[in-house]
Student: 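Take this structure first; my questions come after.
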Amino acid sequence: MTYGMRRMKPVKVRGNRRIRVYLWVFAITVFLLFYLSANLVILTLEKKVWEVRKKNEEVALEISHLEFDVAGLKKGSRIKKIAHEQLGLEMPEGAPEKLF
């Protein structure tokens, strides 16, 4: 027995430990970079989604206004007025002679 002397591990084991630490640091760094890049992509996609939703609401509002305009243009009184004033047509008197 040797008292007072320290046992030292072989140098090879110390080198492996150092390499393991470096690999862990590298792996954690790569994971964090991946995580941050994924969050950045998610944020940009979220912004695009909000833009598309806003545009969708604008288009839906425009469609409802156009449907209202179409309903106003389909009124029979408006068609009769244009037929009489611009085309010179007259409404027939009495019942029609032929239905088919």
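A quick note: this is a predicted structure, and the numbers were derived from the prediction, not measured.
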Student: At what distance, to the nearest 0.5 angstrom, does CG of L40 lie from CG of L45?
Tutor: 9.5 Å
Student: What is the distance from atom CZ of F31 to atom CG of L36, rounded to the nearest 0.5 Å?
Tutor: 9.5 Å
Student: In residues 47-73, what donor-acceptor pairs under 3.5 Å come from side-chain atoms, sequence neighbours left out?
Tutor:
from, atom 1, to, atom 2, distance (Å)
S64, OG, L61, O, 2.7

Student: Who else is in the cluster with I82 when I, L, V, M, F, W and Y are joined by side-chain contacts under 4.5 Å?
Tutor: none
Student: When Ile, Leu, Val, Met, Phe, Trp and Tyr are grouped by side-chain heavy atoms lying under 4.5 Å apart, directly or through other members, which residues fall in the same group as L87?
Tutor: L89
Student: Should side-chain heavy atoms under 4.5 Å link Ile, Leu, Val, Met, Phe, Trp and Tyr, which residues sit in the same cluster as I42?
Tutor: none
Student: Any side-chain hydrogen bond (donor to acceptor under 3.5 Å, both in side chains) involving residues 82-92? Give me the pairs, sequence neighbours left out, ordered by first then second residue.
Tutor: H84-E90
Student: Which residues end up grouped with V30 if you chain together Ile, Leu, Val, Met, Phe, Trp and Tyr wherever their side-chain heavy atoms are less than 4.5 Å apart?
Tutor: F26
Student: About how many Å separate CZ of R18 and OH of Y22, when rounded to the nearest 0.5 Å?
Tutor: 5.5 Å
Student: How would you list, by chain and number, every residue that makes a side chain to side chain contact (heavy atoms under 4.5 Å, CB included) with T44, sequence neighbours excluded?
Tutor: none
